[in-house]
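When a ligand or atom number is given, it counts from 1 through the structure's own listing order.
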Amino acid sequence: MYNNLWENVLQSLSQSVETHRFETWIKPLLLHEQSDPTLLSLSAPNQYMVDFLSQHFSSLILSAARSFSPDIKTVSIVPRPSSSAVEMTPVIHEPMAVHRDLPPQPAINSRYIFDSFVVGSGNEFAKSAALAVAQAPGKTKFNPLLIYGGVGLGKTHLIQAIGNHVATQNTDSKVNYITSEEFYLSFIDAIKNNNIKKFTDRFRSSDLLLMDDVQFFSGKESTQEEFFFIFNTLHQNGKQIVLTSDLPPSSLKGLQDRLISRFQWGLTVDIQPPNLETRVAILKKKAEEGNLNIPQNVLYHIAETVSSNVRQLEGVVLRLLAYSSIMKNDITIDLVRDVLRGTAKKEKSRISIDNVIEKVSEYFSIPADNIREKNRRKEVAHARQVAMYIAKTVTPFSLKTIGLGFGGRDHSTVIHSVTQIEEMKKTDISLSRDIEFIINKVESL
Ligand code: ADP
Ligand code: MG
């Protein structure tokens with residue numbers, strides 16, 4: 001009867017708890033046989049998990065259990081010795097790996113230094129703040145320093161430039177660079193392998209912690225929890241923390257408020273897309289680095305055509321470099337037109353309507369199917385119109401094909417959406433920003 005109860009509880013929790021949290025925290029729990037009908041007695045693989053579960057999940061587990069068996073008054077969770085895991089359940093097949101090593105830290109790119117970072121009006125404040133922090137880590141008021149901006153605008157370059165600078169100035173200082181995605185993955189790994197302590201020690205001992213793309217923490221509660229503790233320890237000890245994100249902290253969805261408020265303790269700076277002059281300067285620098293001679297008028301032509309982000313500018317230079325080394329030809333404006341046209345077409349046909357729907361769905365937190373189906377709720381209808389507009393902008397498909405991609409709608413519906421969004425964009429700056437942001441996401445797939 002008890003096992004049956006636990007199966008029901010698991011089933012119900014699997015629906016109310018986000019999948020990865022369920023897998024990480026709930027699934028490893030085992031039920032103990034017991035005589036007391038008011039007590040639900042569970043065990044977890046280690047003390048760390050017991051603490052975490054007691055803090056975050058025990059009331060949830062209790063209420064789920066009571067919905068099946070109202071007599072239950074208490075949930076108890078204790079650590080289990082790893083050997084007994086086998087007798088208690090046939091469910092855990094994996095042997096408990098003991099203190100396996102942590103995955104290696106990602107390396108910092110030695111090309112990402114301040115000297116190779118071209119400064120323009122969109123990024124000069126971010127660059128100055130980064131340099132100030134690099135020259136006196138933990139000693140300025142900019143702790144943490146948070147740099148935010150769109151895709152391909154130089155956030156990773158700047159945060160790693162800080163790392164490179166500090167590492168060369170002071171070879172003793174411990175610099176840790178990691179993306180939040182890698183942090184999350186190695187955290188999950190550490191839980192599985194029972195080496196949480198090693199994992200947290202690695203970060204708690206940093207003199208400089210560089211955390212790239214914190215937006216990825218969104219919705220990952222337990223990872224945020226862990227990062228929160230690391231952050232506090234470092235901050236209290238006067239160690240420098242630098243963060244990057246694709247949105248300002250106040251717009252980061254799915255992040256705990258206390259984390260967002262800590263992110264704003266120091267200094268928040270943004271990076272804006274480079275203007276024409278800066279784009280020309282960046283192209284010049286990249287061409288020089290590659291020993292490539294690009295005439296001034298050609299530089300301007302590229303800078304005018306490719307305006308969205310620096311990564312794309314770099315891509316054009318790389319292609320020109322490849323071309324000139326094979327063909328041994330001068331770089332002319334006609335050649336550049338060919339190269340640019342080729343990429344524009346390729347980039348467009350690479351993106352599917354589903355890619356667009358997926359990103360719009362993520363952005364508005366609306367299930368993709370609702371966007372495709374006949375759902376008239378206002379937010380859904382708005383997300384759908386935005387998605388149609390973006391599909392028209394970034395894919396090469398006809399209105400008819402786009403209509404088909406949205407649950408078989410008519411092409412006139414698509415036209416209506418596109419014109420409506422175009423109208424709204426004229427007066428609604430935040431809508432324009434939403435759209436620009438989603439397009440960036442879609443194009444960097
Ligand atoms: P993000 O992390 O913001 O998406 P990256 O830092 O990865 O962007 O930048 C993309 C590419 O563009 C990198 O190769 C980087 O060196 C280059 N880049 C970006 N901004 C600049 C700049 N101001 N000067 C020189 N290179 C830049
Ligand atoms: Mg980056």
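Donor-acceptor pairing under 3.5 Å is recorded for the side chains of Asp212 and Thr156. In this model, a donor atom of one side chain and an acceptor atom of the other lie less than 3.5 Å apart for Asn232 and Arg262. With hydrogens and angles left out, the side-chain atoms of Asp410 and Ser412 include a donor and acceptor closer than 3.5 Å. A donor-acceptor contact closer than 3.5 angstrom is absent between the side chains of Ser186 and Asp189.
By the 3.5 Å distance cut-off applied to N or O atoms, Phe117 is not counted among the residues near ligand 1.
Contact annotation: Gly150 has at least one heavy atom less than 4.0 Å from an atom of ligand 1. For the ligand labelled ligand 1, residue Gly149 lies outside the 4.0 Å heavy-atom shell. Look at Lys286 and you'll find a heavy atom under 4.0 Å from some atom of ligand 1.
The proximity of Ser116 to ligand 1, defined as any non-hydrogen pair under 4.0 Å, is limited to the backbone.
Here the heavy atom of the protein found nearest to atom 12 (O) of ligand 1 is Val310 CG1, 3.3 Å. At the shortest separation from atom 14 (O) of ligand 1 among protein heavy atoms lies Glu314 OE1, 2.6 Å. Looking from atom 4 (O) of ligand 1 to the surrounding protein, the closest heavy atom is Gly152 N, 2.7 Å. From the protein, the heavy atom lying nearest to atom 8 (O) of ligand 1 is Gly154 N, 3.1 Å. Of all protein heavy atoms, the one lying nearest to atom 24 (N) of ligand 1 is Val118 N, 2.8 Å.
The distance from ligand 1 to the heavy atoms of Thr156 drops below 4.0 Å at these ligand atoms: 1 (P), 2 (O), 6 (O), 7 (O). Applying the 4.0 Å criterion to heavy atoms of Asn123 picks out, from ligand 1, the atoms 23 (N).
For the ring pair (Phe, Tyr, Trp, His ring centres under 6.0 Å) with Phe217, the qualifying choice from Tyr184, Phe187, Phe227 is Phe227, the only one to do so.
Remark: the backbone N or O of Gln240 is not paired with any side-chain donor or acceptor of Asp207 at under 3.5 angstrom. Listed for the Thr200 side chain is a donor-acceptor partner under 3.5 Å among the backbone atoms of Lys197.
At a threshold of 2.8 Å, the Mg ion (ligand 2) has a backbone or side-chain N, O or S atom of Thr156 nearer than that distance.
Remark: among candidates His157, Gln312, Arg311, Lys127, the nearest residue to atom 10 (C) of ligand 1 is Arg311, based on non-hydrogen atoms.
Classification of the Phe437-Tyr363 ring pair by plane angle, with boundaries at 30° and 60°, yields tilted.
Note that CG of Leu255 is 11.5 Å distant from OG of Ser250, once rounded to the nearest 0.5 Å.
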